[in-house]
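What follows is a single structure, written as structure tokens, with notes after it.
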Number of protein chains: 2
Amino acid sequence: MIEVTDRKILRELQADSRRSAAAIGDVVGLSASACHRRIRLLEERGLIEGYGARLNAEKLGYAMTFFVEVTLSGQSETVLGEFERAAMARSDVLECYLTTGTADYVMKVAARDADDFERIHRRVISGMPHVIRIQSSLVMKTVKRWRGYSVG
Amino acid sequence: MIEVTDRKILRELQADSRRSAAAIGDVVGLSASACHRRIRLLEERGLIEGYGARLNAEKLGYAMTFFVEVTLSGQSETVLGEFERAAMARSDVLECYLTTGTADYVMKVAARDADDFERIHRRVISGMPHVIRIQSSLVMKTVKRWRGYSVG
DNA sequence: GGTGAAATCGTAGACTG
DNA sequence: CAGTCTACGATTTCACC
């Protein structure tokens, strides 16, 4: 289990990972060094996997985001493994999940424009191993994102 | 457009936002102060929206992640707005997108266990305004995540 | 967990090429 | 626009209470 103070630290770091141990300590009621010790421990325990910048997709040139549901021709280890390796390797695939439900995988894909998505759909995803069906949904509006887990 | 060096900086910050300007400058071939200046500008231009810790869902106590597709009873501004406000307010809804395709919204939801998801499904999502249909998929395996945009 | 101190590192500004 | 230099402040890390 995670202690109350640790939860507060995680909440702060999730919202802004650039704050110093001293600043976070102020908020959670800990001295800078005690807070720093706890952060180190949270990293070592694997609760914190890393720190990253949140980038603006549009300003980066990615005008379109899609959810793509992919169905494969089978569910054997080999089939899944080969598909997953291909998904890992594609930089236009931002996220990829094996799911229950109608399809086998759900992927989040970033495209620069409609032509780019057409290319990704036709050349990239269709060409990934064992894919027999693709259904994509364009994200028209991002209502919520980056808000992270509720940690207390 | 984004300059080559800026792209490299974004790539580094996306992968690890805790590195200092000096450390990133080393990688991209810039002095600490030049690199620092560019990072400030990238923040001001809105390319960098923020910095966050990547937390481990399982270790936080969220054993299950779901994609939930929601269909509403209409598409008027009022209907969408009321639903979106409810989605924003729920801390178990990690992400929420208005999409084209079969459903109206796709949400990512974190649950502590099966009972918790049952509760979220029955009490929370079904209770959100104007929801007439819910279809959820359990994430069985996260193949790819956190890898961010290809910027360089 | 807190304190305090030392060493290190990071930030920001002025100035030069 | 980048590099250097610089000065100040912040941060990390340690031993000890």
Side-chain angles (χ1 to χ4, degrees), chain A residues 1-63 112 146-152, chain B residues 1-62 146-152:
Chain A
M1 261 298 94
I2 313 161
E3 203 262 329
V4 189
T5 310
D6 283 338
R7 290 181 179 276
K8 291 184 188 165
I9 292 173
L10 292 173
R11 170 160 47 75
E12 297 301 315
L13 282 175
Q14 200 174 217
D16 181 0
S17 62
R18 286 224 327 192
R19 321 218 1 233
S20 67
I24 293 169
D26 268 2
V27 177
V28 307
L30 234 47
S31 72
S33 61
C35 186
H36 187 253
R37 262 190 300 241
R38 283 192 183 233
I39 293 173
R40 282 253 96 82
L41 284 171
L42 289 166
E43 289 169 357
E44 280 162 20
R45 287 164 62 191
L47 272 131
I48 299 172
E49 295 182 350
Y51 303 92
R54 297 188 284 251
L55 305 187
N56 182 298
E58 281 77 32
K59 294 188 178 167
L60 268 178
Y62 292 104
R112 299 186 182 281
W146 303 133
R147 207 178 271 27
Y149 297 100
S150 173
V151 290
Chain B
M1 263 297 95
I2 313 160
E3 204 261 329
V4 189
T5 310
D6 283 337
R7 290 181 179 277
K8 290 185 187 165
I9 291 172
L10 291 172
R11 170 160 46 77
E12 296 302 315
L13 283 174
Q14 200 173 215
D16 181 0
S17 62
R18 287 227 325 194
R19 325 221 352 240
S20 68
I24 293 170
D26 268 2
V27 177
V28 307
L30 234 46
S31 72
S33 62
C35 187
H36 186 253
R37 262 189 300 239
R38 282 189 184 238
I39 293 173
R40 281 253 97 81
L41 284 172
L42 289 166
E43 288 169 358
E44 281 163 20
R45 286 165 63 191
L47 273 131
I48 299 172
E49 294 183 350
Y51 303 92
R54 297 188 285 250
L55 305 187
N56 183 299
E58 280 77 32
K59 293 189 178 166
L60 269 177
Y62 293 104
W146 304 133
R147 208 181 268 29
Y149 297 101
S150 173
V151 289

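Protein chains get the first letters and strands the later ones, always in sequence-line order, with residue 1 at the start of each. None of the values given here were measured: they were computed from a predicted structure.
In this structure a side-chain-to-backbone donor-acceptor pair under 3.5 Å is present from R7(A) to I2(A).
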Show me, pair by pair, the donor-acceptor contacts under 3.5 angstrom made by side chains of residues 20-28 of chain A, not counting sequence neighbours?
| residue | atom | partner | partner atom | Å |
| --- | --- | --- | --- | --- |
| S20(A) | OG | A22(A) | N | 3.4 |
| S20(A) | OG | A23(A) | N | 3.2 |

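We find that CZ of R40(B) is positioned 18 Å from P of dC1(D), with the value rounded to whole Å. L13(B) places its CG atom 13 Å from the P atom of dG10(C), with the value rounded to the nearest Å.
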Checklist line | Working for salt bridge (charged side-chain N to carboxylate O under 4.0 Å, His left out), residues R18(A) and E43(B) | finding: CA-CA 13 Å; R18(A) 286 224 327 192; E43(B) 288 169 358; 3.5 Å; yes
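One finds a salt bridge joining R45(A) and D6(A) here, because a Lys/Arg side-chain nitrogen approaches an Asp/Glu carboxylate oxygen to under 4.0 Å.
Nearest approach of W146(A) to L55(A), heavy atoms of both residues: CZ2-O, 3.8 Å. Across every non-hydrogen atom of I48(B) and A53(A), the tightest pair is CG2-CB, 4.4 Å.
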Next item on the list: Sugar-phosphate atoms are those with a prime plus P, OP1 and OP2; base atoms are the rest. Using that split, label each nucleotide of nucleotides 2-8 of chain C B, S or - for protein heavy atoms under 4.0 Å, 5' to 3'.
Entry: BB-----
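A cation-pi arrangement, defined by a distance under 6.0 Å to the six-membered ring centre and an angle within 45 degrees of its axis, is absent between R54(B) and Y51(A).
Contacts between residues 14-27 of chain B and DNA chain C, defined by a heavy-atom separation below 4.0 Å, involve S20(B), A21(B), listed by number.
Taking OG of S17(A) as the start and CD of E12(A) as the end, the distance is 12.0 Å to the nearest 0.5 Å.
Applying the 4.0 Å criterion to OP1 and OP2 of dG10(C), one finds that H36(B) has every side-chain N and O outside that range.
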